[in-house]
Amino acid sequence: MKKYLFALIICCLYACGKQENDPNDQWLAPIRIASYNIQYDNTVQAPASVWNNRKDIFKKLVEKHDFDIIGAQEPYLVQLNDLKTLLPQYAYVGVSITGETSNLRQHYTPIIYKKDKFEVL
């Protein structure tokens, strides 16, 4: 988790450190950051807890607040893949809690960010 926090700080510094004489960059614009527990896709709980019943709510929340960066807890890779489709203007960095990158049903701790505003270094 420390390395993801470090990556988040680097992204913020990169976004804030752009040259002010570049008219194409909005380096003085505020950065909207959120933390959200997406909760894994638990199909055993109540229907309201199933990811297919929650993913559009998450999409609307992100679009309403126009977040630049979202620190997320507990999503499975299958859910992150859904977010690529639902929110194509965003990407993420992160791996599962065991360090894997392909296990579909294991918790991830991603940092989701706007692709047009940040560059992962």
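Atom set for the values below is all heavy atoms of this structure, side chains included, hydrogens, waters and symmetry mates excluded. Source: prediction; values computed, not measured.
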Decide whether [X] and [Y] are clustered together by the hydrophobic rule: side chain heavy atoms of Ile, Leu, Val, Met, Phe, Trp, Tyr closer than 4.5 Å, transitively.
{"X": "V50", "Y": "I38", "value": "no"}
{"X": "L83", "Y": "I97", "value": "no"}
{"X": "Y108", "Y": "V93", "value": "no"}

Mutual orientation of the aromatic rings belonging to Y76 and Y40 [parallel < 30°, tilted 30-60°, perpendicular > 60°]: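 Aromatic pair Y76/Y40 classed tilted.
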Aromatic plane relationship, F58 with W51 - under 30° parallel, 30 to 60° tilted, over 60° perpendicular: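 Correct class here is tilted.
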So which heavy atom on [X] is nearest to which on [Y], and how close?
{"X": "A91", "Y": "K115", "answer": "CB-CG, 3.5 Å"}
{"X": "Q79", "Y": "E74", "answer": "OE1-O, 4.2 Å"}
{"X": "L86", "Y": "K59", "answer": "O-CE, 3.2 Å"}
{"X": "R32", "Y": "D66", "answer": "CD-O, 3.5 Å"}
{"X": "A72", "Y": "I112", "answer": "CB-CD1, 4.1 Å"}
{"X": "P30", "Y": "K117", "answer": "O-NZ, 3.6 Å"}

Which distance, rounded to the nearest 0.5 Å, do you find between the [atom1] of [X] and the [atom2] of [Y]?
{"X": "I31", "Y": "F118", "atom1": "CD1", "atom2": "CZ", "value": "4.5 Å"}
{"X": "R54", "Y": "L61", "atom1": "CZ", "atom2": "CG", "value": "12.5 Å"}
{"X": "S35", "Y": "I69", "atom1": "OG", "atom2": "CD1", "value": "12.0 Å"}

Verify, without hydrogens or angle tests, whether [X] (side chain) and [Y] (backbone) share a donor-acceptor contact under 3.5 angstrom.
{"X": "K84", "Y": "Y92", "value": "no"}
{"X": "Y90", "Y": "F67", "value": "yes"}
{"X": "D68", "Y": "I33", "value": "no"}
{"X": "R105", "Y": "D41", "value": "yes"}
{"X": "Q73", "Y": "H107", "value": "no"}

Non-neighbouring partners of T101 that pass side-chain contact (heavy atoms from CB on, under 4.5 Å), sequence neighbours left out: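 Here the qualifying residues are V95.
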Side-chain touch L77/Q106, heavy atoms, less than 4.5 angstrom: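 The answer is no, as the side chains (C-beta and beyond) never meet within the 4.5 Å cut-off.
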Test log, rule side-chain contact (heavy atoms from CB on, under 4.5 Å), inputs Y113 and V120: CA-CA 9 Å; Y113 63 93; V120 177; 3.3 Å; yes
